[in-house]
Amino acid sequence: MSNYTKISDAEWVIMEELWKKSPLTSAEIIDQLKDSTEWNPKTIHTLINRLVKKEVLGVKREGRFKQFHPLLSADECRKRETTSFLKKIYSGSRQMFILNFIKNEKLTDTEIEELKKILKQKKDEN
């Protein structure tokens, strides 16, 4: 965890495509993103190269083409990003984050019941 390099918002878009399907070539990634972003191919290549340097994406040469694949799962990246966010914003306190969220968000009855179930389950695990 200490060696984890944060993934930027733009890099996260690339990762989302590769978590859906991989491996992909850079041309395939560009094709996947053409309708949802206004990025030019050079920008996408730059983002891919950053992710490779951060050791979040792996690369394998297949003939003339490089194929890219995630080295970390979406779940692992979410956990790491959450930990980083908690440290930065809440000094690592999950309690402060949860209390702030509950106090400041409008929750439906269904969401409240689901939270109660999760908390009860956590309590029973301890």
Side-chain angles (χ1 to χ4, degrees):
M1 179 66 196
S2 60
N3 294 335
Y4 179 69
T5 304
K6 189 168 173 24
I7 299 172
S8 73
D9 291 347
E11 292 165 345
W12 197 269
V13 173
I14 303 291
M15 293 302 295
E16 289 284 353
E17 289 304 318
L18 286 158
W19 285 321
K20 287 180 204 169
K21 180 182 177 190
S22 71
L24 293 174
T25 65
S26 57
E28 292 170 323
I29 296 168
I30 291 165
D31 188 54
Q32 293 292 323
L33 297 175
K34 70 181 178 196
D35 294 332
S36 61
T37 70
E38 295 180 10
W39 299 337
N40 66 46
K42 186 174 178 168
T43 300
I44 295 171
H45 283 285
T46 298
L47 293 168
I48 291 169
N49 288 331
R50 283 186 198 163
L51 289 164
V52 171
K53 284 180 186 171
K54 290 179 179 184
E55 299 180 353
V56 179
L57 275 188
V59 60
K60 181 179 176 189
R61 186 167 288 282
E62 287 291 328
R64 301 183 321 134
F65 302 101
K66 292 179 182 177
Q67 292 189 323
F68 300 93
H69 60 278
L71 295 176
L72 297 173
S73 69
D75 190 48
E76 180 64 23
C77 284
R78 284 186 193 103
K79 286 177 188 175
R80 291 175 180 205
E81 292 289 326
T82 299
T83 300
S84 173
F85 173 79
L86 286 173
K87 284 181 181 177
K88 178 180 174 182
I89 306 299
Y90 293 98
S91 302
S93 172
R94 292 180 301 249
Q95 180 183 357
M96 282 176 47
F97 168 72
I98 292 168
L99 291 174
N100 188 52
F101 177 79
I102 290 171
K103 286 180 184 177
N104 294 312
E105 294 296 321
K106 176 94 173 106
L107 299 172
T108 66
D109 289 343
T110 304
E111 291 169 327
I112 292 168
E113 289 306 314
E114 183 66 23
L115 284 171
K116 284 180 182 178
K117 271 198 268 185
I118 292 168
L119 291 171
K120 183 184 179 330
Q121 189 175 32
K122 279 291 189 187
K123 184 178 179 180
D124 291 346
E125 288 174 9
N126 291 336

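Computed from a predicted structure; not experimentally measured.
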Side chains of [X] and [Y]: does their closest heavy-atom pair fall under 4.5 Å?
{"X": "Lys120", "Y": "Lys117", "result": "no"}
{"X": "Trp19", "Y": "Asp75", "result": "no"}
{"X": "Thr82", "Y": "Phe97", "result": "no"}
{"X": "Met96", "Y": "Ile89", "result": "no"}
{"X": "Arg50", "Y": "Val56", "result": "no"}
{"X": "Ser26", "Y": "Lys66", "result": "no"}

What is the distance from atom [atom1] of [X] to atom [atom2] of [Y], rounded to the nearest 0.5 Å?
{"X": "Glu11", "Y": "Asn49", "atom1": "CD", "atom2": "CG", "value": "11.0 Å"}
{"X": "Glu114", "Y": "Leu119", "atom1": "CD", "atom2": "CG", "value": "10.0 Å"}
{"X": "Lys54", "Y": "Leu71", "atom1": "NZ", "atom2": "CG", "value": "13.5 Å"}

Check ion pair [X]-[Y] (N to O, under 4.0 angstrom):
{"X": "Glu76", "Y": "Arg80", "value": "yes"}
{"X": "Arg78", "Y": "Glu81", "value": "no"}
{"X": "Lys34", "Y": "Asp31", "value": "yes"}

So, for Lys106 and Glu111, which heavy atoms are closest and what is the spacing to 0.1 Å?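 What the structure gives for the nearest pair is O-OE1, 4.1 Å.
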Using a cut-off of 6.0 Å, state whether more than 12 heavy atoms not belonging to Glu16 lie near its atom CD.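 For Glu16, atom CD is crowded (more than 12 foreign heavy atoms under 6.0 Å).
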More than 12 heavy atoms of other residues, nucleotides or ligands under 6.0 Å from CD of Glu62: is that the case?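 Yes.
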Indicate yes or no for a side-chain donor-acceptor contact from Glu28 to the backbone of Thr25 under 3.5 Å, with no hydrogens or angles considered.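 Yes, Glu28 side chain to Thr25 backbone: donor-acceptor pair under 3.5 Å.
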Look at the side-chain heavy atoms of Ile, Leu, Val, Met, Phe, Trp and Tyr, link any pair under 4.5 Å apart, and say whether Leu33 and Val59 land in one connected group.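 In one cluster: yes.
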Exactly one of Leu24, Ile48, Leu51 should register a side-chain contact (heavy atoms from CB on, under 4.5 Å) with Phe68. Which one does?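 It is Ile48; the other options fail the test.
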